[in-house]
Amino acid sequence: MNMFRSISKAHIFGGCVFLLVLLGVIFYSGYPVPSYSFCVPCDNKRETEDEISEVVHCPEKDPWSMGDLKMQPGLKYDQPSTQKGRTDVNAVTNWNAPLVWEGTFDPVVIDDIYKRMDPRVAVVVLAVGKYTRFLKGFLETAEKYFLVDFRVTYYIFTDNKQDVPEIELAKGRKITVLDVPSANRWQDVVLSRMKWATIAIDKQIRNEADYLFMMDVDSVFRNRFGAESLSRLSAVLHRGYYKTERIGFPYERRAESKAYIPADEGDYYYTAAVWGGHLEEMYKLVKYCYNQSEEDAKNKIEAVWQEESHLNKYLLYNKPTKVLSPEYLFSDYDQIPADVKVVRISQLVKNYAEVRPNGGN
């Protein structure tokens with residue numbers, strides 16, 4: 001203790017100065033200092049000590065993610081305004097995610113940004129039984145309006161491969177047909193989509209896509225459906241309930257079901273006919289819906305709207321990063337309201353009793 005008491009403040013100060021001078025000599029004399037990388041190098045070689053430290057990206061190993069929002073020079077478009085925009089609808093959720101309507105984005109700008117990232121987009125549709133009749137219209141209109149000039153693969157799950165039509169596809173776009181068994185109930189058809197999507201992602205799609213959309217085949221594209229729809233997880237407002245109080249949402253209200261949502265909870269009611277996102281986020285969601293429906297089946301209960309009920313339960317507690325307005329799925333059954341300026345996809349009028357395996361019941 002006496003020794004420590006004898007050390008003066010001057011000694012301490014002098015020691016600190018000496019250490020700073022010594023460190024400065026080391027750094028400025030060219031003495032080699034080990035470098036570090038923020039990810040494992042793309043090959044198996046170790047970095048040498050004289051290599052420059054930098055962030056190493058390994059695109060062949062890392063999962064695809066959205067890059068910087070870069071745009072090519074010279075692109076012509078209207079200047080965005082900070083004062084003007086849609087005033088008849090809400091364009092942002094209460095968790096600050098975009099709520100996308102016509103007039104809330106510039107298609108030239110956003111398509112250009114995403115095309116530079118060159119994502120691979122998967123579209124999964126289920127066409128079993130008599131629903132194969134809708135494939136031609138779906139595919140032909142998708143080629144005209146859906147993510148034009150992007151790389152797209154249509155994954156068609158069907159029990160009738162011979163009924164898949166030959167469609168002229170643009171460069172970078174293709175069709176992959178996957179066999180699935182037939183079903184005796186339309187409810188089983190709906191629920192099986194999650195099962196087959198989960199399996200197909202595991203076995204194949206994960207290696208071939210960066211984004212994935214789930215879509216109903218009994219629909220046609222009527223207008224542009226572009227890169228404004230892309231995000232980590234994008235959900236579409238159901239056309240029938242986007243102006244409804246949450247107490248009126250057709251959520252699963254039976255506590256026995258895994259899809260149960262209490263009456264005093266809920267943001268929006270989302271359709272299961274169109275939704276999409278990053279491949280791995282979609283995988284988590286489709287697998288969740290599949291597992292939850294399987295748990296319900298074990299307990300001898302089926303959610304009121306099958307996969308859509310489980311989808312809404314998931315999205316209530318795992319908020320989508322982008323919400324798409326009813327423009328992104330309307331219906332030929334319904335009159336178009338004034339706030340829907342453009343219909344991008346529309347569900348076709350059909351005789352459910354004729355096309356569904358159990359007569360629509």
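This one's a predicted model, so the numbers in the text were calculated from it and none came from an experiment.
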**Study point:** R254 vs I301 side-chain heavy atoms within contact, under 4.5 Å
**Key:** yes
Review point. What distance separates H310 NE2 from L285 CG, expressed to the nearest 0.5 Å?
Key: 11.5 Å
Point to revise | Pair E295 + K258, salt bridge at N-O below 4.0 Å | key: no
Check your understanding: Do E208 and Y155 have a side chain donor and acceptor closer than 3.5 Å?
Key -> yes
Exercise for review: Kindly check if the number of other-residue, nucleotide or ligand heavy atoms within 6.0 Å of NZ (K136) is above 12?
Suggested key: no
Point to revise | For H238, the option from Y270, Y251, Y269 that meets ring-ring contact (aromatic ring centres under 6.0 Å, His included) | key: Y269
Check your understanding: Is there a donor-acceptor pair under 3.5 Å between the side chain of T271 and the backbone N or O of L237?
Key -> no
Check your understanding: Among all residues two or more places apart in sequence or in another chain, which pass the side-chain hydrogen bond (donor to acceptor under 3.5 Å, both in side chains) test with R173?
Key -> E143, Y154
Check your understanding: Going by the salt bridge (charged side-chain N to carboxylate O under 4.0 Å, His left out) test, which pairs reach into residues 233-243, not counting sequence neighbours?
Key -> R239-D334, K243-D339
**Study point:** Heavy-atom closest pair, residues A303 and E252
**Key:** CA-OE1, 3.3 Å
Review point. Should R86 and E102 count as an ion pair when the cut-off is N to O under 4.0 Å?
Key: no
Exercise for review: Following the transitive rule for hydrophobic clusters with a side-chain heavy-atom cut-off under 4.5 Å over Ile, Leu, Val, Met, Phe, Trp and Tyr, establish whether Y333 and V342 coincide in one cluster.
Suggested key: no
**Study point:** F330 vs I336, side-chain contact (heavy atoms from CB on, under 4.5 Å): CA-CA, chis, key distance, verdict
**Key:** CA-CA 8 Å; F330 217 76; I336 302 171; 4.2 Å; yes
Exercise for review: Would you confirm whether the ring centroid of Y268 sits within less than 6.0 angstrom of the ring centroid of Y242?
Suggested key: no
**Study point:** Side-chain (T93) to main-chain (A97) donor-acceptor, under 3.5 angstrom
**Key:** yes
Practice item. Spell out, as yes or no, whether a donor-acceptor pair under 3.5 Å connects the side chain of R133 to the backbone of K130. Key: yes
Check your understanding: Got a sec, which residues hit side-chain hydrogen bond (donor to acceptor under 3.5 Å, both in side chains) with K319, two or more places apart in sequence or on another chain?
Key -> D267
**Study point:** E140 and Y145 side chains, donor-acceptor separation under 3.5 Å
**Key:** no
Exercise for review: Run the salt-bridge test on R120 and D210 with the 4.0 Å N-O cut-off and return the result as yes or no.
Suggested key: yes
Point to revise | K161 backbone acceptor or donor facing D179 side chain under 3.5 Å | key: no
Review point. When clusters are formed by joining ILVMFWY residues with side-chain heavy atoms under 4.5 Å apart, either directly or through shared neighbours, do I167 and V164 land in the same one?
Key: yes
Check your understanding: What salt bridge (charged side-chain N to carboxylate O under 4.0 Å, His left out) pairs are there with at least one residue in residues 104-114, not counting sequence neighbours?
Key -> D111-R224
**Study point:** Evaluation steps, side-chain contact (heavy atoms from CB on, under 4.5 Å), between I175 and L169
**Key:** CA-CA 9 Å; I175 292 173; L169 302 174; 3.8 Å; yes
Exercise for review: Calculate, to the nearest 0.5 Å, the distance between atoms CH2 and CD1 belonging to W196 and I201 respectively.
Suggested key: 14.0 Å
Review point. Does a sphere of radius 6.0 Å around CG in N96 hold more than 12 heavy atoms from other residues, nucleotides or ligands, not counting ones at 6.0 Å or beyond?
Key: no
Point to revise | Non-hydrogen atoms of L178 and A200 that approach each other most closely | key: CD1-CB, 4.0 Å
Point to revise | Side chain proximity check, T198 to Y283, heavy atoms < 4.5 angstrom | key: yes
Point to revise | Donor-acceptor contact below 3.5 Å, side chain E327 vs main chain V340 | key: no
Point to revise | Side-chain heavy-atom pair E265, Y317 within 4.5 angstrom cut-off | key: yes
Check your understanding: Is D163 close to T158 at the side-chain level, that is, under 4.5 Å between some pair of heavy atoms?
Key -> no
**Study point:** Pairwise distance OG1(T153) to NZ(K174) - rounded to 0.5 angstrom
**Key:** 4.5 Å
Exercise for review: Any chance you could lay out the side-chain contact (heavy atoms from CB on, under 4.5 Å) test for L324 and L99, step after step, and finish with the verdict?
Suggested key: CA-CA 6 Å; L324 306 179; L99 206 171; over 6 Å; no
Practice item. Measure the CZ-CD distance between R232 and E281 for me, rounded to the nearest 0.5 Å. Key: 4.5 Å
Review point. Which pair of non-hydrogen atoms, one from V92 and one from N90, has the smallest distance, and what is that distance?
Key: O-ND2, 2.6 Å
Revision key, fill the gap. Taken to the nearest 0.5 Å, the spacing of E307 CD from S293 OG works out to 9.0 Å
Point to revise | Non-hydrogen side-chain atoms of I345 and V274 separated by less than 4.5 Å | key: yes
Exercise for review: Output, in order, the C-alpha distance, side-chain angles, deciding distance and verdict of side-chain contact (heavy atoms from CB on, under 4.5 Å) for Y314 and L233.
Suggested key: CA-CA 12 Å; Y314 184 93; L233 192 58; 4.2 Å; yes
Check your understanding: Which value, rounded to the nearest 0.5 Å, describes the distance between S309 atom OG and F249 atom CZ?
Key -> 13.5 Å
Practice item. Report yes if the side chains of R151 and V121 come closer than 4.5 Å at any heavy-atom pair, otherwise no. Key: no
Practice item. Establish whether F105 and V236 are linked, either directly or via other cluster members, by ILVMFWY side-chain heavy-atom contacts under 4.5 Å. Key: yes
Review point. Which pair of heavy atoms, one from D296 and one from A259, lies closest together, and at what distance?
Key: OD2-N, 4.4 Å
Review point. When you check the gap from the basic side-chain N to the acidic O, do E294 and K195 get nearer than 4.0 Å?
Key: no
Point to revise | Within 6.0 Å of CD in E245, more than 12 heavy atoms from elsewhere | key: no
Check your understanding: If you take all heavy atoms of W305 and P250, which pair is closest and at what distance?
Key -> CD1-O, 3.5 Å
Exercise for review: Give a yes or no on whether a salt bridge exists between R222 and D332, defined as a side-chain N under 4.0 angstrom from a carboxylate O.
Suggested key: yes
Point to revise | Minimum heavy-atom distance T321-S231, with the two atoms named | key: OG1-OG, 2.8 Å
Review point. Applying the 4.5 Å side-chain criterion to the ILVMFWY set and letting contacts propagate, would V304 and Y260 be lumped into a single cluster?
Key: no
In a table with atom names and distances, give each donor-acceptor pair under 3.5 Å that connects a side chain of residues 212-221 to protein atoms at least two apart or in another chain.
unit_1	atom_1	unit_2	atom_2	d
D216	OD1	R193	NH1	3.2
D218	OD2	K350	NZ	3.0
S219	OG	D216	O	3.3

Review point. Considering only heavy atoms from C-beta outward, does the side chain of L69 approach that of M117 to under 4.5 Å?
Key: yes
Review point. Is F146 close to V123 at the side-chain level, that is, under 4.5 Å between some pair of heavy atoms?
Key: yes
Side-chain donor-acceptor pairs of residues 75-83 under 3.5 Å, sequence neighbours excluded:
unit_1	atom_1	unit_2	atom_2	d
S81	OG	Q83	N	2.9
S81	OG	K84	N	3.0

Practice item. Answer yes when K284 and E280 have at least one side-chain N-carboxylate O distance shorter than 4.0 Å, and no when they do not. Key: no
Check your understanding: Have N160 and T132 got a donor and an acceptor in their side chains that come within less than 3.5 Å?
Key -> no
